[in-house]
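Sharing a structure here in structure tokens format.
The sequence lines fix the lettering, A, B, ..., with proteins before strands; numbering per chain opens at 1. Every value quoted in this text rests on a predicted model; they were computed, and no experiment measured them. Heavy-atom basis, side chains included; hydrogens, waters and symmetry copies ignored.
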Amino acid sequence: MQAIKKHWVSALIGLFVLAFLYLPIVHVIVNAFNANKHMRVWGGFTLKWFQKTLTSADFYDAFRQSLTIALCVTLLSVIVAVTAVIGIRSFSTKVRNVESTFMYIRLTLPEVILVVGIMIVISMIPGASLGPVWVVLVQSLIYSAYDMVIVQARLSTIADRYENAAYDLGATTWRVLKTVIFPLLAPSIFVGALLAFTFSLDAVVSVVFLGGPTTETLPIMIMSMIKRHVTPEVNAIGVIVMIFNMVILGITASVIGVRSTVSAVAGEAE
Amino acid sequence: MSEEKSTGSFLGADITLDHVSKDYGRGVYAVNDMDLKIEQGEFFSLLGSSGSGKSTTLKMLSGLEFPTKGHVYLGDEDITQVPANRRDIHTVFQNYALCPHMTVWDNVAYGPRGKKVPKAEVDARVNELLELVEMSEYKNVKPDALSGGQQQRIALARALVMRPKALLLDEPLGALDLKLRHHMQDVLRHIHNEVGITFVYVTHDQEEAFSMSDRVAVMDKGVLQQVAIPEELYAHPVSRFVADFVGSANIIDGTVAAMREPGLYEVAFPAFGTLVCPGVRGLAEGDAVCAVLRPQDIWLHGLADAEDKVRRKGIVVDRSFSGSFTRITFDAEGTRMTCLLTGNGNTGIGLTEVDVAWLSRDMWVVPAE
């Protein structure tokens with residue numbers, strides 16, 4: 001803190017960035033309760049936007065679909081990531097390098113390119129049609145790369161150390177996994193799951209291209225609402241989603257501890 | 001060493017390395033043709049700098065690495081290819097490697113539980129070992145809450161609770177401060193006496209190896225240089241490397257002028273003339289050699305006359321006081337040498353000319369390489 005006080009220029013830039021990030025959020029929250037539908041001035045406190053949202057069947061359908069997809073993606077991407085990270089260690093360095101290259105491709109390749117490519121492939125499969133299943137598969141493919149980075153960072157700090165010790169004490173490979181590797185990976189797996197979940201909840205590109213006409217998740221619904229004219233209901237939806245996400249984050253932090261959440265994200269040792 | 005010290009629950013075994021090599025490919029040998037027998041119940045140290053192959057040797061004993069050539073035996077059993085989790089050899093790791101998500105008790109009980117040992121016996125054994133390492137009161141604590149020395153004790157208990165035939169210790173005291181290290185050395189020796197199994201101890205610290213071990217093996221570049229009891233290693237090293245590695249030494253170059261009898265030579269030293277010194281066997285006239293002279297064998301004052309007394313003038317160039325002794329560095333006939341003064345013998349010695357003396361029988365001749 002001392003250093004920041006002295007470097008007031010960087011402190012100012014920091015403040016500006018924070019303001020830029022958080023002012024729109026404040027704007028959303030304030031206007032979710034603003035009776036003035038043009039949102040320019042304060043028109044008095046109201047809950048009618050929430051009322052409208054929470055009584056709309058469209059909102060529930062979209063929310064349910066978003067949640068279903070996000071949960072499937074979370075589960076699938078975590079399974080893919082953990083098995084891949086643990087399994088890849090039995091291969092040679094060459095194979096591992098190829099694998100990690102592919103992992104980084106998944107991280108850096110623009111989602112839209114990957115998604116369009118897959119969409120074309122699907123259109124060439126006879127009998128296959130676009131739909132939520134493809135959304136789940138493709139999102140799992142992309143987001144598992146993030147999980148892998150997180151889980152791998154954690155695994156590399158624990159692998160030799162505790163694994164060799166457990167093995168030396170006579171444990172079978174399966175017991176080492178169950179009693180040492182999994183428990184020590186748990187915080188990073190949890191954070192990876194959280195990332196996949198929030199990414200999926202937010203996803204637009206993969207849903208637009210692969211979801212087909214029947215898939216309308218929350219972001220898609222908001223997009224189509226805004227296309228006609230910006231309605232204050234969007235703010236209410238935003239606040240609801242924000243609360244939902246904060247509850248999830250709170251649960252995560254209370255399960256694995258705030259410090260573990262931070263360190264697992266940062267990929268630190270302990 | 002082979003006498004049975006154990007109380008019945010522990011039973012040691014010999015370890016034999018039969019021409020063992022570990023080749024990491026492209027002709028790089030981590031361990032090269034190592035032939036060694038470690039006796040049952042012995043406290044045996046592998047001493048070497050990093051990269052000497054001592055840790056690789058330990059891993060081949062534990063089963064975390066496998067030799068590319070040769071065989072490893074535990075007692076009469078060939079365990080060369082037996083994986084780590086099926087060997088009766090357990091390791092205390094350098095970084096302790098206690099599982100942070102388990103309590104002390106669960107850490108120590110980890111091994112026996114996996115071997116389907118009945119619960120009552122697991123409890124009895126864990127209790128016994130925690131008592132042995134004097135950590136009973138910490139059984140419900142997580143390892144992170146313990147100090148380095150305490151974690152080390154738990155790591156010891158965790159390995160010993162498996163009743164191994166041999167215990168491997170990989171630089172176990174490396175992370176501890178000096179005082180604690182000395183204390184833990186006592187603890188280790190005490191525990192070795194209690195359980196009576198074979199201890200194989202890896203260290204780069206010569207003093208530690210000497211003070212703890214029955215025998216010490218010096219390794220360099222994957223090759224076993226010398227295996228002997230500490231006193232023998234120190235007094236009669238086989239090579240310049242060993243002489244230099246085990247304690248400080250004055251190394252004086254010379255040439256063998258004649259052999260008096262096997263192991264006793266007339267050596268011509270450019271700096272000091274021809275002296276009669278003992279040395280390794282097998283040297284011949286004309287061989288380039290060097291003589292090892294330990295600093296404490298050089299006297300600045302009052303060495304009684306003897307037939308083989310060597311007396312020279314030296315110029316003191318440096319003094320360093322380290323409590324129990326003072327190290328004096330001097331030039332004699334153009335050769336830089338050091339000697340040790342204990343007690344108050346250093347009083348009055350400035351950077352001046354001094355009389356230095358030693359006995360040529362205290363010199364030890366090894367090949368110059």
Item to check | Side-chain donor or acceptor of A:D168 paired with backbone N/O of B:T91 under 3.5 Å | outcome: yes
Checklist outcome for this item: Applying a strict 4.5 Å limit to non-hydrogen atoms, the region of A:A166 in contact with chain B is both
Next on the checklist: Does atom OH (B:Y24) have a neighbourhood of more than 12 heavy atoms from anything else shown, all under 6.0 Å?
Outcome noted: yes
Next on the checklist: Taking every non-hydrogen pair under 4.5 Å, which of B:R86, B:K115, B:R158, B:M102 racks up the most with chain A?
Outcome noted: B:R158
Next on the checklist: Let me confirm one number: the CG-OG1 distance from B:D106 to A:T179, rounded to the nearest 0.5 Å.
Outcome noted: 10.5 Å
Checklist outcome for this item: Rounding to 0.5 Å, atoms CG (A:L169) and NE2 (B:H90) come to a distance of 6.5 Å
Checklist entry - In terms of heavy-atom proximity below 4.5 Å to chain A, should B:L168 be classed as side chain, backbone, both, or neither? => result neither
Item to check | chain A contact via B:R87 - which portion, at a heavy-atom distance below 4.5 Å | outcome: neither
Checklist entry - Got a sec: does the CG of B:D177 have more than 12 other heavy atoms crowding it under 6.0 Å? => result yes
Checklist entry - Does A:R175 make a cation-pi contact with B:Y110 (under 6.0 Å, within 45 degrees of the axis)? => result yes
Checklist entry - Counting only heavy atoms not in B:K165, do more than 12 fall under 6.0 Å of its NZ? => result no
Item to check | Residue list, ring-ring contact (aromatic ring centres under 6.0 Å, His included) with A:F244, at least two apart or on another chain | outcome: A:F63
Checklist entry - Taking B:N85 for the side chain and A:A171 for the main chain, is one N or O donor matched with an acceptor at less than 3.5 Å? => result yes
